Number of protein chains: 2
Amino acid sequence: MSDAIPVTEASAEAIVLRLTEAVHEHRVLPGMKLSEDEVGEVFGVSRTIVRQALRSMAHGGLVSIERNRGAFVAKPSVKEAREVFEARALLEPQTARAAAERATPADIEALEQHIRREHAALAAGEAGRALKLSGLFHVEIARLADQKTIHAFIEQLVSRSSLVIALYWQRRNALCESHAHDALLDALRRNDPDSAEELMKGHLVDLVSQLNLRETPDESRSLREALLG
Amino acid sequence: MSDAIPVTEASAEAIVLRLTEAVHEHRVLPGMKLSEDEVGEVFGVSRTIVRQALRSMAHGGLVSIERNRGAFVAKPSVKEAREVFEARALLEPQTARAAAERATPADIEALEQHIRREHAALAAGEAGRALKLSGLFHVEIARLADQKTIHAFIEQLVSRSSLVIALYWQRRNALCESHAHDALLDALRRNDPDSAEELMKGHLVDLVSQLNLRETPDESRSLREALLG
DNA sequence: TGAGCAAATATTGTATACGATTTTGCTTGG
DNA sequence: CCAAGCAAAATCGTATACAATATTTGCTCA
């Protein structure tokens with residue numbers, strides 16, 4: 001516990017936040033082991049708290065727990081990856097519509113700042129941070145819709161999408177989807193529900209189309225490839 | 001721990017199942033306190049396990065945990081009640097469609113048996129059991145759609161709907177929605193996605209229309225009514 | 001008699017200890 | 001030299017003990 005990071009609020013929720021952020025920024029990758037002792041030492045809390053946090057994340061699909069083996073960052077299969085985006089396709093367009101109906105100038109201002117940070121991170125080459133902000137943009141829109149239940153679902157789906165992107169993203173070229181968010185923001189600014197819904201639908205299709213969901217990266221093959229390549 | 005109920009698998013998940021079933025059957029009602037010691041004694045497990053279970057249910061919205069005060073069966077507000085059914089309206093019609101596309105004769109057979117049990121429970125006057133089966137019917141349809149992610153969402157929404165029904169259902173007349181399920185099953189049997197989607201949409205609208213979502217049942221008034229009435 | 005305060009009680013929050021299971025590395029026999 | 005089996009280490013699962021916090025109860029005083 002030498003270099004323990006002090007946690008403002010030594011609660012499980014704080015650790016969930018920290019770990020989730022790390023996943024969003026791709027600093028923690030699918031399959032990585034999350035040892036209870038290790039996590040506990042890093043954050044300076046006991047295993048009890050860590051276990052709470054890990055179980056909570058497991059419930060959200062970000063972590064998978066194998067009995068007597070421990071917790072690992074989840075590795076969504078191709079099928080699961082598809083399901084995540086199919087669920088998003090069901091929820092997010094309608095949610096964007098609702099957001100467009102309700103968005104106030106203050107909301108727009110906040111989203112503009114969000115996008116500016118997105119661009120700044122991209123410009124600074126902080127790909128992880130940009131990715132996190134990009135996902136958060138969708139969550140923020142859900143928040144505008146004032147639907148806590150759907151908001152929570154989307155939050156979970158966005159998190160899992162980070163894992164999917166880590167596993168299945170094709171191009172390293174990350175600066176592609178800026179325009180989509182700009183356009184969405186514009187529709188929200190104009191309080192144009194139809195456009196918002198349609199743009200979100202298209203944006204999600206675009207996202208999926210940039211994934212390689214052909215074959216599941218099973219352990220043996222990816223290992224072999226890693227060693228031979 | 002005198003009359004402890006032996007649990008086949010002394011795991012948190014088993015307790016979640018038992019408690020969730022009790023909620024579905026309205027044997028445990030919104031607002032009821034779930035003391036860790038008490039639950040632990042009932043099921044013959046330690047508080048550690050009970051806490052896991054309660055936190056898990058809290059994550060699903062069935063239980064609300066107040067720090068240093070304990071866990072209570074959740075009491076969805078009117079707003080939350082609306083949100084639950086709005087989310088269902090977004091997810092379930094499409095899911096019914098997918099189920100209709102995929103349903104095999106074996107699936108239909110299982111659903112028929114399910115509905116028979118629903119009718120039997122109703123005939124036997126076991127309102128709680130009937131209600132549970134009625135909710136489970138929706139979950140089963142989601143299972144047919146072969147979408148684990150959406151399935152999990154719907155499972156959660158159906159559970160929370162049980163709470164909503166406990167709080168806001170108007171008529172005690174419970175035998176109203178049998179026909180809706182019969183009709184849905186028929187659409188699935190005919191592999192008729194359009195009908196299935198439309199029937200599900202209408203069924204959900206019917207359900208909401210039988211709720212009284214005008215005013216939030218605040219504590220003081222309900223207590224006063226209970227004592228004066 | 002009722003309100004306010006204080007002690008007592010009960011309940012939850014967290015840490016730690018112990019037992020069970022898995023993994024790993026060594027040893028030994030082929 | 002390799003494989004199989006065994007032993008030791010590491011890690012997780014659960015229970016329990018202790019600390020922190022909320023609630024209740026009973027007392028005092030106006």
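Just so you know, these numbers use all the heavy atoms, side chains as well, and skip hydrogens, waters and symmetry mates. Note that the structure is predicted; figures quoted are calculated from it, not measured. Lettering follows sequence order; numbering is per chain, from 1.
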Open item on the list: Assess, by modelled atom type and distance only, whether the side chains of A:Gln156 and A:Arg160 contain a donor and an acceptor separated by less than 3.5 Å.
Closed with: yes

Task: Presence of B:Thr48 side-chain N/O under 4.0 Å of D:dT14 phosphate oxygens OP1/OP2 - done: no

Open item on the list: Please tell me whether A:Thr104 and A:Asp107 have a donor and an acceptor in their side chains that are separated by less than 3.5 angstrom.
Closed with: yes

- [ ] Decide, yes or no, whether a salt bridge links B:Glu36 with B:Arg47 under the criterion of side-chain N to carboxylate O below 4.0 Å.
- [x] yes

Open item on the list: Distance alone, cut at 3.5 Å: any donor-acceptor contact between the side chains of B:His181 and B:His203?
Closed with: yes

- [ ] Would you tell me whether A:Arg88 and A:His138 have side-chain atoms, one donor and one acceptor, within less than 3.5 Å of each other?
- [x] yes

Task: Salt bridge B:Arg143-B:Glu140, side-chain N to carboxylate O under 4.0 Å - done: yes

Task: Secondary-structure notation, DNA chain D, from Watson-Crick and G-U pairs under 3.5 angstrom (| other strand) - done: ||||||||||||||||||||||||||||||

TODO: Identify the two heavy atoms, one from A:His24 and one from A:Leu131, that lie closest to each other, and give their separation to 0.1 Å.
DONE: O-CD2, 3.8 Å

When you compare the protein's N or O atoms with those of nucleotides 11-13 of chain D, which come within less than 3.5 Å of each other, and at what distance?
from	atom 1	to	atom 2	distance (Å)
D:dC12	OP1	A:Glu36	N	3.4
D:dC12	O3'	A:Asn68	N	3.4
D:dG13	OP2	A:Arg51	NH1	2.3
D:dG13	OP2	A:Arg51	NH2	3.1
D:dG13	N7	A:Arg47	NH2	3.0
D:dG13	O6	A:Arg47	NH1	3.4

Task: Pairing of B:Glu109 and B:Arg116 as salt bridge, 4.0 angstrom limit - done: yes

- [ ] Please report, rounded to the nearest Å, how far the P atom of C:dT11 is from the CG atom of B:Leu54.
- [x] 14 Å

